[in-house]
Amino acid sequence: MPELPEVETVRRSLAPFLTGVTIRAVTVREPRLRRTLAADFAQVLTGRTIAQLGRRGKYLYLHLDDEKIWLVHLGMTGQLLVEKTENPPLPHDHVLVTLSTGHRLRYNDPRRFGLMLIGTEAEIETVTALGVEPLSRMFTGRYLREKIQRTQRAIKDVLMDQRVVAGVGNIYASELLFRAGVHPSRVAATLTEAATDRIVEATKTVLREAIRHRGSSISDYRDGEGKRGGFQDRFRVYDREGQPCSTCRQLIQRETRGGRSSFFCAACQR
DNA sequence: CGCACCCCCTGCCGGC
DNA sequence: TGCCGGCAGGGGGTGC
């Protein structure tokens, strides 16, 4: 579900409800997420105040008043939602948090691929091992070229490697490569300087545009208030197999590799 | 190191 | 109508 634009949208939508707010009670209904929640998870959170909401790649950082961070990753189907009243729990509501404002924060995740843990920044960095933020000045053509020297990896795999650049997933990798005019299975080391520059620019452009449209809702992505995103209506290639390319009218193709689909226009992308 | 493959888990959709 | 296989935005582990 959520790549960088969706997580950033969740962060922005939750911030007004969570910043400066104290956690009164925590109920863990199902601790078995990607990693099983620590036995003292609820106890460690209770009584803490959320100082600030941050994000790194696809990870949400809830900075607590004791210098620790409540790290949340939404996996494929995770939703972090604020609600005004305490409705009865729904299926797959794994963590419920009562806030000092009377709001409730609800973590729902049918597939349980999400991750939550509480730790220091150093502890979290060893778990996440993230590369540069794509929207920062650190992500440049020069940086990307340094990372792909002599690699035989496909450029799409490199872009989705969170240790290289943090936050690009399967949707935005396809979309940005279309905009850069580069074929997803192109061997990264064979790219020209101009092409790597275009890829970096396209990454920033697509991610910013997607954030502006509050992310992509294909099926179950929702922001912190349960609202859908709008970027799915602007996909140029993703999930458009057999439809005409918006540029040249040739039909969009799909290729599966490693269990993941790539979508591209064979005429526009080389 | 890279890569191909498998796994984790639930839900949905299309084909038969 | 009902069942089954394939697939889905995530990451991680293993063996070669």
Side-chain angles (χ1 to χ4, degrees), chain A residues 1-11 29-37 55-60 71-80 90-94 107-117 124-131 134 146-177 184-190 203 206-207 210-211 213-223 228-235 237-242 254-263:
Chain A
M1 175 220 291
E3 304 181 31
L4 185 152
E6 290 74 35
V7 178
E8 177 61 17
T9 302
V10 170
R11 186 192 72 75
R29 301 182 69 239
E30 174 54 87
R32 293 173 302 163
L33 305 185
R34 194 203 316 165
R35 295 163 67 144
T36 299
L37 295 184
R55 179 195 56 73
R56 270 283 277 139
K58 304 173 192 174
Y59 288 86
L60 207 54
L71 184 74
V72 180
H73 189 286
L74 301 173
M76 291 275 256
T77 54
Q79 294 184 0
L80 202 53
L90 297 170
H92 311 300
D93 277 353
H94 305 315
Y107 181 70
N108 185 283
D109 185 1
R111 292 178 76 178
R112 289 192 275 121
F113 287 173
L115 175 77
M116 276 191 200
L117 62 88
I124 282 168
E125 277 173 14
T126 64
V127 172
T128 58
L130 297 176
E146 184 195 311
K147 290 292 177 185
I148 64 181
Q149 280 176 0
R150 291 184 292 277
T151 183
Q152 288 303 113
R153 305 175 76 188
I155 183 60
K156 178 162 174 271
D157 294 346
V158 173
L159 293 170
M160 288 176 63
D161 184 341
Q162 304 301 301
R163 296 167 301 179
V164 175
V165 56
V168 177
N170 203 36
I171 291 179
Y172 296 106
S174 277
E175 288 297 312
L176 79 89
L177 286 169
S185 37
R186 174 79 177 270
V187 173
T190 68
T203 303
V206 167
L207 294 178
I211 291 169
H213 291 274
R214 307 178 53 80
S216 304
S217 290
I218 294 173
S219 60
D220 46 18
Y221 162 71
R222 298 293 183 274
D223 76 4
R228 294 172 59 87
F231 193 73
Q232 66 281 0
D233 298 330
R234 309 181 86 82
F235 289 164
V237 287
Y238 185 82
D239 207 17
R240 293 179 59 90
E241 182 185 17
R254 180 172 78 101
E255 267 180 21
T256 313
R257 222 174 305 103
R260 292 242 141 80
S261 292
S262 299
F263 298 89

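We use all heavy atoms of the structure for the numbers below, so side chains are in, but hydrogens, waters and symmetry mates are not. Since we're looking at a predicted model, the values are computed, not measured. Convention: sequence-line order gives letters A, B, ...; per-chain numbering from 1.
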Using the [atom1] atom as the reference point in each nucleotide, state the distance between [N] and [M] in Å, no decimals.
| N | M | atom1 | answer |
| --- | --- | --- | --- |
| C:dC3 | B:dC9 | P | 23 Å |
| C:dG6 | B:dC5 | P | 15 Å |
| C:dT1 | B:dT10 | C1' | 23 Å |
| C:dG9 | B:dA4 | C1' | 22 Å |

Out of [options], which nucleotide sits closest to the side chain of [X]?
| X | options | result |
| --- | --- | --- |
| A:His92 | B:dT10, C:dG12, C:dG9 | B:dT10 |
| A:Ile218 | C:dG10, C:dG9, B:dG2 | C:dG9 |
| A:Arg260 | B:dG2, B:dT10, C:dG9 | C:dG9 |
| A:Tyr238 | B:dC3, C:dG11, C:dG9 | C:dG9 |

Using a heavy-atom cut-off of 4.0 Å across all strands, would you classify [X] as base, sugar-phosphate, or nothing?
| X | result |
| --- | --- |
| A:Thr256 | nothing |
| A:Ser217 | base |
| A:Gly259 | sugar-phosphate |
| A:Tyr172 | nothing |

Distance in Å, A:Arg228 CZ paired with A:Arg222 CZ, rounded so as to fall on 0.5 Å steps: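 One gets 4.5 Å once the value is rounded to the nearest 0.5 Å.
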Quick one: CG on A:Leu80 to CG on A:Leu74, what's the gap to the nearest 0.5 Å?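 Rounded to the nearest 0.5 Å, the CG-CG separation comes to 6.5 Å.
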Nearest whole Å is fine: how far is [N] [atom2] from [X] [atom1]?
| X | N | atom1 | atom2 | answer |
| --- | --- | --- | --- | --- |
| A:Tyr59 | C:dG11 | OH | C1' | 7 Å |
| A:Arg112 | C:dG12 | CZ | C1' | 16 Å |
| A:Leu130 | C:dG10 | CG | P | 14 Å |
| A:Asp109 | C:dG11 | CG | P | 13 Å |
| A:Asp220 | B:dG11 | CG | P | 11 Å |
| A:Glu255 | C:dC7 | CD | C1' | 17 Å |
| A:Leu115 | C:dG12 | CG | P | 8 Å |
| A:Tyr107 | C:dG10 | OH | P | 14 Å |

Under a 3.5 Å cut-off for both contacts, is C:dG9 paired Watson-Crick or G-U wobble with anything, and if yes, with which nucleotide?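 Across any shown strand, C:dG9 pairs with none.
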Applying the Watson-Crick and G-U wobble criteria at under 3.5 Å, what pairs with B:dC3? Answer none if nothing qualifies. C:dG15
Distance test, side-chain N/O of A:Arg153 to OP1/OP2 of B:dC3, below 4.0 Å: yes
For B:dG11, take OP1 and OP2 only and decide whether either is under 4.0 Å from a side-chain N or O of A:Arg111. no
side-chain contact (heavy atoms from CB on, under 4.5 Å) between A:Lys147 and A:Val165, intermediate numbers included: CA-CA 10 Å; A:Lys147 290 292 177 185; A:Val165 56; over 6 Å; no
When the nearest nucleotide of DNA chain C is assigned to A:Ser219 and to A:Val127 on a heavy-atom basis, which residue is associated with the more 5' position?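 Here A:Ser219 is the residue nearer the 5' end.
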Give a yes-or-no answer on whether the side chains of A:Ser261 and A:Arg254 include a donor-acceptor pair shorter than 3.5 Å.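 Present: a donor and an acceptor within the cut-off.
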Is there a donor in the side chain of A:Glu3 and an acceptor in the side chain of A:Tyr221, or the other way round, less than 3.5 Å apart?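 Looking only at side-chain atoms, A:Tyr221 and A:Glu3 do not form any donor-acceptor pair under 3.5 Å.
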Return yes when atom CZ of A:Arg257 has more than 12 non-hydrogen atoms of other residues, nucleotides or ligands closer than 6.0 Å, and no otherwise. yes
Decide if atom CZ of A:Arg29 counts as having more than 12 heavy atoms of other residues, nucleotides or ligands within a radius under 6.0 Å. yes
Let's test your reading of the model: under 3.5 Å, does the base of B:dA4 pair with the side chain of A:Arg257 as donor and acceptor? no
Hey, is A:Phe113 stacking on B:dC9? Ring centres under 5.5 Å, planes under 30°.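 No, aromatic ring not over the base.
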